[in-house]
Novice: 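Below: one structure in structure tokens.
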Amino acid sequence: GEPNGLVEIHFADGGYYQGVMKDGVITGQGDYQSAFNEVFSGTFQDGILHGENGFWQNVAEDVYTGHFVHGELHGKGTYMSKHGDSYIGYWDSHLKHGRGTTKNKKSSCHKGYYVNGFRHGKGSIEFGIQRFLINKYKEEIQHMKAVKAHKESLRNHDPTSTTTHATPTTTNPIKTDTITNIDTSKTSELHSLSEFDTIFQ
């Protein structure tokens, strides 16, 4: 009959599986290693990972631990690269999707939302002790420009005005195609904007 229960299988292509089979199909708890040293560990369903607490190490030695649905990264999980960069958050069909935190070992940390693998909506970026709040809605920065222009117009028509304005702390202009809006309630936290150019281009 078909294998059932705990088995060890050496495949012709060099892969190896140790775990549970049901009616000749890899179904249940087990560990698989391919001939290219790709590793899958956790609960299998019909030969692919499915369920919580799964483990996957790819050929580049990056590691994912978390939820799988029919072999795909789906749900909450943690991805760690060989070099120490990481993402902790939610996934949908192998793509970052939902709230998460991406950390770059050498420079930055982004906390916010992702849609189909891309940053989307409100979030924050930290460079060491520096923190930047971002809101990627073009309509709001257009509103900010309109308000600023209105204030400039009022000041130009009022020679008695003594209003002072903060001097920018950087000579690099904000690129509206790169950062579509910055939360103006947190402008005191913006110490340097030049680093955004390399992140969002």
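Just so you know, these numbers use all the heavy atoms, side chains as well, and skip hydrogens, waters and symmetry mates. Starting from 1, each residue takes its place in the sequence as its number.
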Novice: Quick one: do I125 and R119 satisfy side-chain contact (heavy atoms from CB on, under 4.5 Å)? Show the steps, please.
Specialist: CA-CA 11 Å; I125 288 184; R119 295 170 181 166; 4.1 Å; yes
Novice: As an exercise, state the distance from CD of E52 to NE2 of H50, rounded to the nearest 0.5 Å.
Specialist: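 One finds 10.0 Å between CD of E52 and NE2 of H50.
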Novice: Heavy atoms, side chains only, cut-off 4.5 Å: are K76 and Y90 in contact?
Specialist: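 Result yes, sub-4.5 Å side-chain heavy-atom pair found.
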Novice: Looking only at heavy atoms, what is the nearest atom pair of D23 and N4, with distance?
Specialist: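 What the structure gives for the nearest pair is N-OD1, 2.8 Å.
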Novice: Which heavy-atom pair separates W91 from K96 by the least distance, and what is that distance?
Specialist: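 That closest heavy-atom pairing would be CE3-N, 3.8 Å.
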Novice: In this structure, is the centre-to-centre distance between the rings of Y114 and Y87 below 6.0 Å?
Specialist: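 That pair passes the under 6.0 Å test.
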Novice: Output all residues satisfying side chain to side chain contact (heavy atoms under 4.5 Å, CB included) with D85, sequence neighbours left out; order by chain, then residue number.
Specialist: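 D85: side chain to side chain contact (heavy atoms under 4.5 Å, CB included) contacts with S81, N104, K105.
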Novice: Share the residues that join L95 in a hydrophobic cluster, the rule being Ile, Leu, Val, Met, Phe, Trp or Tyr side chains under 4.5 Å apart at the heavy-atom level.
Specialist: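 L95 clusters with nothing; isolated.
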Novice: Which atom pairs, donor and acceptor, lie under 3.5 Å between side-chain atoms of residues 11-22 and protein residues at least two apart or in another chain?
Specialist:
| from | atom 1 | to | atom 2 | distance (Å) |
| --- | --- | --- | --- | --- |
| D13 | OD1 | G15 | N | 3.0 |
| Y17 | OH | V20 | N | 2.9 |
| Y17 | OH | V20 | O | 2.8 |
| Q18 | NE2 | E8 | OE2 | 3.3 |

Novice: First locate atom CD of E126, then atom NZ of K103, and finally report the distance between them rounded to the nearest 0.5 Å.
Specialist: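 The NZ atom of K103 is 9.0 Å from CD of E126, to the nearest 0.5 Å.
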Novice: Could you tell me whether the side chains of Q45 and T27 share a donor-acceptor contact shorter than 3.5 Å?
Specialist: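 Not at all, the side chains of Q45 and T27 share no donor-acceptor pair under 3.5 Å.
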Novice: Under the side chain to side chain contact (heavy atoms under 4.5 Å, CB included) rule, collect the residues that match up with F40, sequence neighbours excluded.
Specialist: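 For F40, the residues satisfying side chain to side chain contact (heavy atoms under 4.5 Å, CB included) (neighbours in sequence not counted) are Y32, E38, F44, L49, W56.
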Novice: Supply the atom-to-atom distance N116 CG to D92 CG, rounded to the nearest 0.5 angstrom.
Specialist: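 One gets 7.0 Å once the value is rounded to the nearest 0.5 Å.
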Novice: Just so I know, are the side chains of C109 and T101 near enough to count as touching, which here means a heavy-atom distance under 4.5 Å?
Specialist: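 Heavy-atom side-chain distance check passes, below 4.5 Å.
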Novice: In terms of heavy-atom contacts, does CZ of F55 have more than 12 from other residues, nucleotides or ligands at under 6.0 Å?
Specialist: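 For F55, atom CZ is crowded (more than 12 foreign heavy atoms under 6.0 Å).
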Novice: From T43 OG1 over to N53 CG, what is the distance, rounded to the nearest 0.5 angstrom?
Specialist: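 Going from OG1 on T43 over to CG on N53, the span is 7.5 Å.
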Novice: Could you tell me the separation between the CE atom of M80 and the CD atom of Q57, rounded to the nearest 0.5 Å?
Specialist: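 That separation rounds to 12.5 Å.
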Novice: Under 3.5 Å, is there a donor-acceptor pair between the side chain of H74 and the main chain of S93?
Specialist: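 Such a contact is found between H74 side chain and S93 backbone.
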Novice: Cut-off 3.5 Å, no hydrogens considered: what does the side-chain donor-acceptor table look like for residues 58-65, sequence neighbours left out?
Specialist:
| from | atom 1 | to | atom 2 | distance (Å) |
| --- | --- | --- | --- | --- |
| N58 | OD1 | A60 | N | 3.0 |
| N58 | OD1 | E61 | N | 3.0 |
| N58 | OD1 | D62 | N | 2.9 |
| N58 | ND2 | Y79 | OH | 3.3 |
| D62 | OD1 | K82 | N | 2.8 |
| D62 | OD2 | Y79 | OH | 3.1 |
| Y64 | OH | H67 | N | 3.2 |
| Y64 | OH | H67 | O | 2.8 |

Novice: Among all residues two or more places apart in sequence or in another chain, which pass the ring-ring contact (aromatic ring centres under 6.0 Å, His included) test with H83?
Specialist: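 Residues passing ring-ring contact (aromatic ring centres under 6.0 Å, His included) with H83: none at all.
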Novice: To check you understand the geometry: which heavy-atom pair defines the closest contact between I48 and G71, and what is its length?
Specialist: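 Heavy-atom minimum between the residues: CD1-N, 3.9 Å.
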